[in-house]
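Chain letters run A, B, ... following the sequence lines, proteins first and then strands; every chain starts at 1.
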Protein chains: 2
Amino acid sequence: MLTSSQQQLLRVISQSGPLSRTVLAASMGLSKAAMSGIARDLISLGVLHETETIYGQGRPSILLDLHPEGAFFVGISLLEDPAPMVLSDFNGNIVARQTMPRSRDPEIIAESIAEMLPRLLTEREDALRKLYGIGIALSGFVDEKQANCVQSTLLGWKDAPLASIVRQKTGIDTFIENDAKAVAVSEKLFGSTRDVQNFSVVSFDEGIGCAHFIGGNLYRGNHGGAGEIAHCTIEPNGSPCRCGKRGCLDTVASMKAIKEMAKAEGLACNSLDDLEAEASLGNAAAIRILHRAGNALGLAIAHLIQFNDPGMILITHVEGRFDGLFGTVMRQAAEANVLPRYAGQTPIRTQRVDGDVWARGAASIAAHNFLIGPTPN
Amino acid sequence: MLTSSQQQLLRVISQSGPLSRTVLAASMGLSKAAMSGIARDLISLGVLHETETIYGQGRPSILLDLHPEGAFFVGISLLEDPAPMVLSDFNGNIVARQTMPRSRDPEIIAESIAEMLPRLLTEREDALRKLYGIGIALSGFVDEKQANCVQSTLLGWKDAPLASIVRQKTGIDTFIENDAKAVAVSEKLFGSTRDVQNFSVVSFDEGIGCAHFIGGNLYRGNHGGAGEIAHCTIEPNGSPCRCGKRGCLDTVASMKAIKEMAKAEGLACNSLDDLEAEASLGNAAAIRILHRAGNALGLAIAHLIQFNDPGMILITHVEGRFDGLFGTVMRQAAEANVLPRYAGQTPIRTQRVDGDVWARGAASIAAHNFLIGPTPN
DNA sequence: TTGATTTGTTTATTTCCTGAACTTATTGTC
DNA sequence: GACAATAAGTTCAGGAAATAAACAAATCAA
């Protein structure tokens, strides 16, 4: 689709924001002459456009940026039923929205997508010509070609070639990805980790997901399982987990676990905020639960830091706030369990996200393939 | 030094072993025509040579392999005093050996190297022309250019530009690297993980080191600290560690810790083998220590697998055997603490290495820079 | 012996990049 | 306000590294 130099240019801009041709040339190790042509081609493709003019000494420089309406992508989340389906522009903004029924049959999913696609695009007629890909987020393991779902408990799949079925039915390039990894990609492309080469995103929700970017690339792992921190043993000989072993992070620190612990303690709490409120009123059980969960998550994050030395840990959460007891204990535990010399060296950011995370993440998978190409690992 | 295509060719051969021009072309995504020229140049450089002829249908193919005497590298280990200094050929074999005094002054180290270099090379006169680099392994953190030692407690350094000092005094390209990372590189280039893209090497000795290869490249981490598993909290509220916190893997599972625990129990054991022998005779204290240490190392390795899903874990050890109680418990703990579905999916290999590991690792750092170029992360 | 088959080389051509000269658009200075 | 200084971006001739296609070489099979 694009040459490797064109993709490199887009990659640099998506990491660093708008840049002039001269700066781009320098940072890509190319001559101004080469840059001139590459930029011209991308501009005439409609993907790039000139924005601000910067005045200094000499001829002013013209910043180049991705054209927000230069490319559109569809993102579908198979985590919910009905499945959200969004249209994203080149900035990751959602410009249209639909839902479709979720099925466990890949063929039916593909048909639903093909059927809903025109309706999604009615609001933005120009997007049809510039629709460069479909991304699908799901709970499960995905191969490195982002084509086959190797295994999904939720959907009951084993080696489901979903991407090629959808591609065939819609005629549009399609890529699938694990939910947590899709969120990490969207943060890298459109979010707060654009310029960070090495980071891990922890998605905190009913379950706990995690994905690593290493060397500027998503790292999927040898079986697609990199980042599966939910089932690391955090409380040896702790409570049994649905995975079969004991003391997994998931049994202590996920929202599901927190709610269950609250219920077991007889607390009428339906959200993290409820529980935080109880704790701040001095409820011992609430405090105990938040401490236990925060400590567990903090220890897991400390391990992440010790093992992988990322430049940032980003925790995305749909529900709740992270500035209460839970978040504080989590941070303290993370600091206390890394090499003291390291403590505080790795920023841990929390970020509240809306219900569109997964669909937006899915769309970013398609955008990533267009902008940068397939993920290498 | 070499073009990127030349480096890519050398990289492929070092990963896959001898290959024909046609196969090389296919696996590098180049035409046979291009390959013809690249191979010719490398052969006339003396780096590559034709080996076996494979007969089949059609014209026989001629395998190309690295010429063992095509390039030589010097490796120095600053982990011991006196510091070992070896000359390695292109296969990672040590062809000459010396020692030099270790100093805490980079200038003096550089002078010692410059002084000892001719003596190291007397045994192999041809190596001088083909000496393409010096590698130095040390205990500490190294920047991604492999030029500066950011921090070393053992040597008392902070931002020591050792590589450039040595380069200046010897006139030879010099690179430094952390000890565990150097061992991982030598395993990737010359050892048993050549064809594995994602793996972690755990070096088990007085201390415990670890380094990751991800996507075929050494991953150094954002502060050079990736792989520092020795100080991950493995026994919350465990024994105090010299690092300042408690329950680090290093306080339970390193040879240093094992020996100290044995001493504290009044056992006269000076090696792992001694302790294993005691345990096999039914000594309860010895069994307890080996269980505790094995469990701790196994849990840490399980975390490695859960977090990073590597294709292999390679444990290198100078001392002892890994087929006794310690190794068995370690393997059991590793299996028991990963997702049951994953159990057994990640090979855990142990490999006994000799006292040259660190110096050989150091030499491989120089070889890596010549063969493949600088490490990207 | 002849044809099939496959490896590896040669040659003309294409693609992508560079270097150097040039054009353009501005600021600063006399 | 003219003109130098400065820096951005373009143009164009030329070169490096790739390709495609034809060809030469070395074997097996009938």
Picking from D:dT10, C:dT7, D:dA8, the nucleotide nearest the side-chain atoms of B:Thr22 would be C:dT7

Would A:Arg194 and A:Glu187 pass as an ion pair if we require N to O under 4.0 Å?
-> no

Could you check how far CZ of B:Arg21 sits from C1' of C:dT6, rounded to whole Å?
-> 14 Å

Would you say a side-chain N or O of A:Arg40 is under 4.0 Å from OP1 or OP2 of D:dG9?
-> no

Atom CD of B:Gln6 and atom P of D:dA17 are separated, to the nearest Å, by 8 Å

Start with the C-alpha gap between B:Asn148 and B:Asp159, add the side-chain angles, then the distance that decides, and say whether side chain to side chain donor-acceptor pair (under 3.5 Å) holds.
-> CA-CA 6 Å; B:Asn148 292 317; B:Asp159 282 314; 5.7 Å; no

Name the pairs: protein N/O against N/O of nucleotides 1-3 of chain D, kept only if under 3.5 Å.
none

What distance do B:Leu121 atom CG and B:Lys130 atom NZ have between them, rounded to the nearest 0.5 Å?
-> 13.0 Å

note: A:Gln7, atom CD; C:dC16, atom C1'; distance rounded to Å ~ 16 Å

In terms of the angle between their ring planes, are A:Phe73 and A:Phe370 parallel, tilted or perpendicular, with boundaries placed at 30° and 60°?
-> tilted

Look at the side chain of B:Asp41 and the backbone N and O of B:Leu45, then say whether any donor-acceptor pair between them is shorter than 3.5 Å.
-> no

Would you tabulate the nitrogen or oxygen pairs shorter than 3.5 Å linking the protein to nucleotides 18-22 of chain D?
| unit_1 | atom_1 | unit_2 | atom_2 | d |
| --- | --- | --- | --- | --- |
| D:dA18 | OP1 | B:Ser5 | OG | 2.3 |
| D:dT19 | OP1 | B:Ser31 | N | 3.2 |
| D:dT19 | OP2 | B:Ser31 | N | 2.6 |
| D:dT19 | OP2 | B:Ser31 | OG | 2.4 |

Can you find a pair of side-chain heavy atoms, one from B:Gln146 and one from B:Ile365, that are under 4.5 Å apart?
-> yes

Stretch residues 41-62 of chain B: residues that reach within less than 4.0 Å of DNA chain D through a heavy atom = B:Tyr55, B:Gly56, B:Gln57, B:Gly58, B:Arg59, B:Pro60

Please name all residues satisfying salt bridge (charged side-chain N to carboxylate O under 4.0 Å, His left out) with B:Glu50, sequence neighbours left out, ordered by chain then number.
-> B:Arg21

Is a side-chain donor or acceptor of B:Asn178 paired with a backbone partner of B:Ala182 at a separation under 3.5 angstrom?
-> no

Please confirm whether B:Arg129 makes a cation-pi placement over B:Phe72, using NZ or CZ under 6.0 Å from the six-membered ring centre and within 45° of the ring normal.
-> no

When A:Thr375 is tested against each of A:Lys145, A:His368, A:Lys181 for side-chain contact (heavy atoms from CB on, under 4.5 Å), which residue passes?
-> A:His368

Restricting to pairs with a member in residues 58-67 of chain A, which pass salt bridge (Lys or Arg N to Asp or Glu O under 4.0 Å), not counting sequence neighbours?
-> none

Under 6.0 Å from the six-membered ring centre of B:Phe199 and within 45° of its axis: does the NZ or CZ of B:Arg349 meet both?
-> no

Any sub-3.5 Å donor-acceptor pair from A:Asn369's side-chain atoms to A:Ile372's backbone N or O?
-> no

Pair pattern of DNA chain D in dot-bracket, where unpaired bases get dots and | marks partners in another strand, Watson-Crick or G-U under 3.5 angstrom = ||||||||||||||||||||||||||||||

